[in-house]
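Written below as structure tokens is the structure these notes are about.
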There are 2 protein chains.
Amino acid sequence: MPTIKDVAKLAGVSTATVSRAMMNPEKVSEKTRLKVEAAVAECGFSPNVIARNLRRSESKTIVVIVPDISNMFFANIVRGIQRVALKNAYKVLLGDSIHTVEQAKAYMDLVRSKQADGIISLTAELPAEVRQGSELPMVMACEYFPGFPVPTVRIDNRGSASRAVDYLLDIGHRSIGCITGPMENPICIDRKAGYQDSLQKINIAVDEQAFEDGDFSFHSGYSAFRRLQQHFNMTALFCFNDMMALGAMKAAIELGIKVPQQLSIVGFDDLLFAEYTDPGLTTVRQPQEEIGITAANTLVKVLQGGKANQDTIIPTQLLVRGSCVSPSK
Amino acid sequence: MPTIKDVAKLAGVSTATVSRAMMNPEKVSEKTRLKVEAAVAECGFSPNVIARNLRRSESKTIVVIVPDISNMFFANIVRGIQRVALKNAYKVLLGDSIHTVEQAKAYMDLVRSKQADGIISLTAELPAEVRQGSELPMVMACEYFPGFPVPTVRIDNRGSASRAVDYLLDIGHRSIGCITGPMENPICIDRKAGYQDSLQKINIAVDEQAFEDGDFSFHSGYSAFRRLQQHFNMTALFCFNDMMALGAMKAAIELGIKVPQQLSIVGFDDLLFAEYTDPGLTTVRQPQEEIGITAANTLVKVLQGGKANQDTIIPTQLLVRGSCVSPSK
DNA sequence: GTGAAAGCGCTAACAC
DNA sequence: GTGTTAGCGCTTTCAC
């Protein structure tokens, strides 16, 4: 592999000039620039970015920590991140933490060891030390910790959940089951609060029997619904994500409960598949790619030394599809 | 950030000794090792990996090129790759080429610029230069070019497709539609050949009217089926992937065609969702994580200077679910 | 077993 | 506008 020295020799200039010709062409005369370009082409030179990074002490890489790479919800967020990263000449290192704090820590260490410049975390399952006050350039997307001084990009979980439940109430439901996520998670607390807000607004008592916990997986939705329907009588169901909504839908169908005639279902996320089920799943759409784009832009701003918004709230949207009807039916 | 010099000063040894104590602890006396460890802990030293990489001229990073990160099929493959990479102290840089050759080239250039040591490509949409004879350490998974001298990890597309069609023939179907992928793609050519093999084996003429092209997307499956059923009468349908099978299923239901009673459907891949549809989708399972693991192991072997298998064929499996019944029904 | 010293390939002052 | 030079932080001979 040719180095900058070879190019310099070939072009009959110094290495500094070669470097300039490539990085700041305007700081070099037209003539030398052409000479250098010719030499580069002749020997097929491609700069050693590792050496450059060492010299400039930056890596032009950002780490994205995802709790589960096979969860489709994250794919479009990552795509949005990639798009922005690319535009700003950053590479993206995708780290799957597999829901473990240790893995997450390993990825965060990439910043300490100068292999990455910053972090976008799509998970709140982070090492405890870090939650106190992060010294690392970092942005959290979707998830957050209350009081954790890191810019976040997220949605209004409480308001969005409330809007979904409002819709069910509007079309006449009065007994609405709810499959939550892990309740130690702040966004789950928010969504549950949103559910409660809606009922309280029209003076319906909140029945604790209406809730079952899931873990955001299809299977947990499936089994949570089987448990739920044994102790709670409902005409509608609100699930904290689409995956669990689909699991619940499958369970309902197996139990001979017709969707939507006997059970209306609302999900959360708007996964690709929400549109394809039969009936289509009514859900709270999170603009996934936009979340990714915004998170990446925020991190880029932080990395450039700018002050970033502490919190950016991305609007959601209730998508009404076939999975809900009035209970009168 | 402390450097190795700081640690050396603190421990009262040379930088060389610090380096040794960390990289080859056995080459250093117990006593100095402890001194160094204490110093490292005291100042919170974490080695600058960029500097190390420059010195050793390697990056311990592999690039994975994916044509579409939001395509779930690749998620589990990537997960398998990550697992192996981690075990061998490699980082994974996930590159989404968005089906463009330019993007793919950009990711391949990471190897030239020493930012990555090798490539795993999950797409065949690569720059033409590269296809001639790759000088870069590279492994292809799933896709391949005939005659391209790079180790591949893939399935027996022809045999697998044939097994799926055999199954449909076995349960009595004689008129089997087929939604293919882009026919310039070698694996699609193979799968089509497999379809033809099955028919020819029992002396059924292959009707060119039985085929419609898709592009592996849900939507293309949907519209391909609508076209297909206008000019071809079938009791069963074989799709080159699950996404298109689901699209076709949706189209069929909309057209009032009952699945499986009036139309049996077989897919390919075994996406997570194949199990969750109603009816469950009969499909050819590709062991995605295993493909990833094998591809990564192969690349690691190449990077370590070993000779890797030129081609590894991973077995597939026909998963029979509810989407197929005998046409007599 | 340990230290001194030479670079890996590049960039950025600083001179000219 | 261009060259000289001094490192970035680490690993690795080569001596001792």
Side-chain angles (χ1 to χ4, degrees), chain A residues 1-40 43-61 89 91 109-117, chain B residues 1-40 43-61 89 91 109-117:
Chain A
M1 272 282 116
T3 73
I4 200 171
K5 263 188 184 166
D6 301 317
V7 179
K9 207 171 297 170
L10 216 58
V13 297
S14 74
T15 60
T17 301
V18 176
S19 177
R20 280 191 209 101
M22 306 194 71
M23 305 274 296
N24 313 80
E26 74 284 1
K27 298 202 163 186
V28 132
S29 78
E30 172 86 7
K31 207 175 105 218
T32 39
R33 211 197 66 231
L34 292 172
K35 270 198 302 191
V36 170
E37 277 167 4
V40 165
C43 65
F45 169 72
S46 151
N48 181 325
V49 178
I50 295 281
R52 172 183 298 166
N53 289 344
L54 174 60
R55 178 59 227 243
R56 310 186 49 162
S57 65
E58 65 179 3
S59 62
K60 283 304 217 176
T61 299
K91 291 160 293 288
D109 281 340
L110 293 176
V111 176
R112 290 208 184 72
S113 58
K114 301 287 188 200
Q115 295 176 93
D117 296 339
Chain B
M1 271 282 115
T3 73
I4 200 170
K5 263 187 186 166
D6 302 316
V7 178
K9 207 170 297 172
L10 216 59
V13 297
S14 72
T15 59
T17 301
V18 175
S19 178
R20 282 191 206 101
M22 305 195 71
M23 304 275 297
N24 314 79
E26 74 284 1
K27 296 202 165 185
V28 132
S29 78
E30 171 86 7
K31 208 177 103 217
T32 37
R33 211 197 65 230
L34 292 172
K35 269 197 303 190
V36 170
E37 277 167 5
V40 165
C43 66
F45 170 70
S46 149
N48 181 322
V49 178
I50 295 280
R52 172 184 296 165
N53 289 344
L54 173 59
R55 179 58 226 243
R56 309 184 49 158
S57 65
E58 65 179 4
S59 62
K60 284 305 218 175
T61 298
K91 290 160 294 284
D109 281 340
L110 293 175
V111 176
R112 289 208 185 72
S113 58
K114 300 288 188 199
Q115 296 177 92
D117 296 339

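Throughout, a chain's letter reflects where its sequence line sits, starting with A, and its residues are numbered from 1.
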Nearest whole Å is fine: how far is [N] [atom2] from [X] [atom1]?
| X | N | atom1 | atom2 | value |
| --- | --- | --- | --- | --- |
| A:K31 | D:dG1 | NZ | P | 13 Å |
| A:E58 | C:dA12 | CD | C1' | 14 Å |
| A:D6 | C:dC8 | CG | P | 11 Å |
| A:K9 | D:dG3 | NZ | P | 15 Å |
| B:N24 | C:dG3 | CG | P | 16 Å |
| A:N48 | C:dC10 | CG | C1' | 8 Å |
| A:K27 | C:dA12 | NZ | C1' | 9 Å |
| A:K5 | D:dT4 | NZ | C1' | 13 Å |

Self-check item: Residue closer to the 5' end of DNA chain C, B:R56 versus B:A16 (nearest nucleotide)
Solution: B:A16

Quiz item: Starting at the 5' end of DNA chain C and moving along, which residue's nearest nucleotide shows up first, A:P2 or B:R33?
Solution: B:R33

Candidates [options] - which lies nearest the side chain of [X]:
| X | options | value |
| --- | --- | --- |
| B:F45 | D:dG3, D:dC10, C:dT11 | D:dC10 |
| A:L54 | D:dC8, D:dC10, D:dT11 | D:dC8 |
| A:M23 | D:dT2, D:dC10, C:dT11 | C:dT11 |
| A:I4 | D:dT12, C:dC10, D:dG3 | C:dC10 |

Once you apply a heavy-atom cut-off of 4.0 Å, does [X] come out as touching a base, just sugar-phosphate, or nothing?
| X | result |
| --- | --- |
| B:T3 | sugar-phosphate |
| A:S29 | sugar-phosphate |
| B:V49 | nothing |

Quiz item: Taking the nucleotide of DNA chain D with the closest heavy atom to each, which residue, A:E26 or B:P47, is nearer the 5' end?
Solution: A:E26

Quiz prompt | Distance-minimising heavy-atom pair for A:A8 and A:T15 | solution = CB-N, 3.7 Å

Practice problem: Looking only at non-hydrogen atoms, find the nearest pair between A:S59 and A:N53 and report the distance. | Solution: O-ND2, 3.6 Å

Practice problem: Mark yes when over 12 heavy atoms from residues, nucleotides or ligands other than B:K91 sit less than 6.0 Å from its NZ; otherwise mark no. | Solution: yes

Quiz item: Within the side chain of A:N24, is there an N or O that forms a donor-acceptor pair under 3.5 Å with the backbone of A:E26?
Solution: no

Self-check item: Any B:T32 side-chain nitrogen or oxygen under 4.0 Å from OP1 or OP2 of C:dT2
Solution: yes

Quiz item: Below 4.0 angstrom from OP1 or OP2 of D:dG3, is there any side-chain N or O of A:T17?
Solution: yes

Quiz item: Between the base of C:dG3 and the side chain of B:R20, is there any donor-acceptor pair under 3.5 Å?
Solution: yes

Quiz item: Considering only heavy atoms and no angle criterion, is a donor-acceptor pair shorter than 3.5 Å present between the side chain of B:R55 and the base of C:dG9?
Solution: no

Quiz item: Which value, rounded to the nearest 0.5 Å, describes the distance between A:R56 atom CZ and A:M23 atom CE?
Solution: 4.0 Å

Exercise. Indicate yes or no: does B:K9 engage B:D6 in a salt bridge with an N to O separation below 4.0 Å.
Key: no

